[in-house]
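Side chains included, hydrogens not; waters and symmetry mates left out as well; all remaining heavy atoms used.
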Amino acid sequence: MAKSNSLPAPGHYNANYGNFQTELYAQIRRHAFGEDIGQNSWLTSDEQDRFLEWLDLSSGKTLLDVACGAGGPALRIAATTGCSVVGIDVHEQAVATASSLAAQRGLAERAEFRSIDATGPLPFSDASFDAITCIDAINHFSDRVRVMAEWARLLKLGGRLLFTDPITLTGPLTNAEVAVRSSAGFYLFVPHGYDKSVIAQCGLRLLVCEDVTANMAKVAEARRTARASRSVVLREIEGQQAYEDQQEFLAVAAHVAREGRLSRFVYVSKKLS
């Protein structure tokens with residue numbers, strides 16, 4: 001999760017991270033994603049495998065995962081590619097979970113997780129990383145140009161940046177839809193084409209721009225259905241209002257994505273100088 005000038009509503013994330021390692025939440029992830037890799041976004045394991053083909057990671061290389069959440073996807077990358085990973089997230093509970101999972105999986109020597117506000121300057125030297133990822137979280141940063149310029153600073157020559165933007169405007173939205181879709185905190189809605197211009201402005205060369213909205217629509221609906229089938233216990237854990245809010249969020253996310261009005265794109269770029 002990323003920090004911004006408007007912090008996300010704590011209930012939305014505390015319920016997920018606080019109960020992350022319980023069997024109930026693991027069951028919901030398996031139902032929603034097909035494979036539980038510890039994700040809390042729209043990312044599936046098949047999609048991550050495709051992303052890895054673009055990142056060229058291997059033993060001896062280092063990945064920075066911005067807004068890493070509970071660390072599951074970053075740990076899967078470390079285990080799959082042999083690279084080292086550094087995950088940063090503003091949510092301390094998520095970072096604690098990630099560090100615990102790294103130790104459990106024998107990856108503590110190659111996986112480090114730190115609680116850092118990614119909206120400011122990052123405490124790493126120039127050209128520290130071979131790749132940087134930010135999955136479904138760039139929309140939480142208000143100053144995208146400044147944030148991406150910082151990522152460019154941290155990339156080695158030839159390094160790759162991969163991020164997904166899950167709230168790209170590609171059609172009309174009502175004020176009610178915008179309100180629900182941005183109910184978990186600060187969200188920056190941008191038109192399609194904006195991310196490409198920021199990438200160029202930061203001196204990076206665009207390699208890939210691909211529409212991955214269908215995956216978001218599918219996962220949002222599957223998460224909503226999985227949660228509904230366990231509604232009694234989830235209402236007790238999360239509280240009635242928090243449960244209802246998440247269900248409405250997922251319903252609206254699935255609806256506007258299916259209709260192609262609010263889309264998700266993946267971008268891959270390369271540092272050439």
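For Lys156, the NZ atom counts as densely surrounded, since its 6.0 Å shell holds more than 12 non-hydrogen atoms of other residues, nucleotides or ligands. No more than 12 heavy atoms of other residues, nucleotides or ligands sit less than 6.0 Å from atom CD of Glu92.
For Leu107 against Ala79, the heavy-atom pair with the smallest separation is CD1-CB, 4.3 Å. In terms of heavy-atom proximity, His31 sits nearest to Ala222 at CD2-O, 3.5 Å. In terms of heavy-atom proximity, Ala118 sits nearest to Ile88 at CB-CD1, 4.1 Å. Taking both residues in full, the closest heavy atoms of Leu272 and Leu157 are given as O-CD1, 3.1 Å, listed atom of the first, atom of the second, then distance. The nearest pair of heavy atoms linking Phe51 to Leu162 is CB-CD1, 3.7 Å. Counting all heavy atoms, side chain and backbone alike, Phe186 lies closest to His140 at O-ND1, 2.9 Å.
Of the possible donor and acceptor atoms, one in the side chain of Thr174 sits under 3.5 Å from a partner among the backbone N and O of Glu177. Proximity of a side-chain donor or acceptor of Arg261 to a complementary backbone N or O of His255 within less than 3.5 Å is not detected. At least one donor-acceptor pair closer than 3.5 Å links the side chain of Thr170 to the backbone N or O of Gly260. Looking only at distances, no side-chain donor or acceptor of Ser100 sits under 3.5 Å from a matching main-chain atom of Ala96. No side-chain donor-acceptor contact under 3.5 Å links Thr168 to the backbone of His192. Here the side chain of Arg110 pairs a donor or acceptor atom with the backbone of Cys83 at under 3.5 angstrom. Formation of a donor-acceptor pair under 3.5 Å by the Ser229 side chain with backbone atoms of Ala226 is found in this model.
By the 4.5 Å heavy-atom criterion applied to side chains, Met216 and Leu262 are not counted as neighbours. Residues Glu221 and Thr225 have side chains in contact (heavy-atom distance under 4.5 Å, counting atoms from C-beta outward). Side-chain contact between Arg160 and Leu57 is absent, with no heavy atoms from C-beta onward closer than 4.5 Å. The shortest side-chain heavy-atom distance between Leu75 and Phe113 falls under the 4.5 Å cut-off. Within the 4.5 Å cutoff, no side-chain heavy atoms of Asn175 are placed close to those of Val178. When side chains are defined from C-beta on, Lys271 does not count as touching Leu161, because their heavy atoms never get closer than 4.5 Å. At a threshold of 4.5 Å between non-hydrogen side-chain atoms, the residues Arg227 and Glu238 count as touching. When side chains are defined from C-beta on, Ser231 does not count as touching Gln247, because their heavy atoms never get closer than 4.5 Å.
For the atom pair CG (Asp36) and CZ (Arg29), the distance works out to 4.0 Å, reported to the nearest 0.5 Å. Expressed to the nearest 0.5 Å, how far SG of Cys202 lies from CZ of Arg146 amounts to 10.0 Å. Separation of atoms CZ (Arg264) and CG (Asp136) is listed at 4.0 Å; rounding is to 0.5 Å. Between Ser182 atom OG and Phe249 atom CZ the span is 9.0 Å, to the nearest 0.5 Å. Rounding to the nearest 0.5 Å gives a distance of 6.0 Å between CD1 of Ile135 and CG of Leu43. In this structure, the separation between CD1 on Ile138 and OG1 on Thr164 is 8.5 Å, given to the nearest 0.5 Å.
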All N/O donor-acceptor pairs, side-chain side in residues 59-74, below 3.5 Å, sequence neighbours left out:
unit_1 : atom_1 : unit_2 : atom_2 : d
Lys61  : NZ     : Asp56  : O      : 2.9
Lys61  : NZ     : Asp56  : OD2    : 3.2
Asp65  : OD1    : Thr133 : OG1    : 2.9

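Side chains of Ser197 and Gln201: a donor-acceptor N/O pair is absent below 3.5 angstrom, by distance only. Using modelled atom types, one finds no donor on one side chain facing an acceptor on the other under 3.5 Å when comparing Asp46 with Thr44. In this structure, a donor-acceptor pair under 3.5 Å is present between the side chains of Gln240 and Arg235.
Contact check on Arg76 versus Asp49 returns a salt bridge, with a Lys/Arg side-chain nitrogen under 4.0 Å from an Asp/Glu carboxylate oxygen.
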Derivation of the side-chain contact (heavy atoms from CB on, under 4.5 Å) call for Leu24 and Leu234: CA-CA 9 Å; Leu24 172 64; Leu234 284 175; 3.9 Å; yes

side-chain contact (heavy atoms from CB on, under 4.5 Å) assessment of Phe33 paired with Ser45: CA-CA 8 Å; Phe33 298 103; Ser45 58; over 6 Å; no

Val86 vs Phe124, side-chain contact (heavy atoms from CB on, under 4.5 Å): CA-CA, chis, key distance, verdict: CA-CA 11 Å; Val86 177; Phe124 307 107; 4.0 Å; yes

Arg223 and Trp42: CA distance, side-chain angles, deciding distance, side-chain contact (heavy atoms from CB on, under 4.5 Å) verdict: CA-CA 10 Å; Arg223 284 174 63 180; Trp42 313 117; 3.6 Å; yes

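Hydrophobic clustering, with ILVMFWY side chains joined whenever heavy atoms are under 4.5 angstrom apart, groups Leu52 together with Val212. In this structure, Leu206 is a member of the same hydrophobic cluster as Ile132, with clusters built from ILVMFWY side-chain heavy atoms closer than 4.5 Å.
The salt bridge (charged side-chain N to carboxylate O under 4.0 Å, His left out) pairs that include a residue from residues 199-211 are Arg50-Glu210, where partners are two or more places apart or lie in different chains.
Between Trp151 and Phe141, the ring planes lie perpendicular to each other; the angle is over 60°, past the 30° to 60° tilted range.
Every residue two or more places apart in sequence or in another chain that forms a ring-ring contact (aromatic ring centres under 6.0 Å, His included) with Phe163 is listed here: Tyr267.
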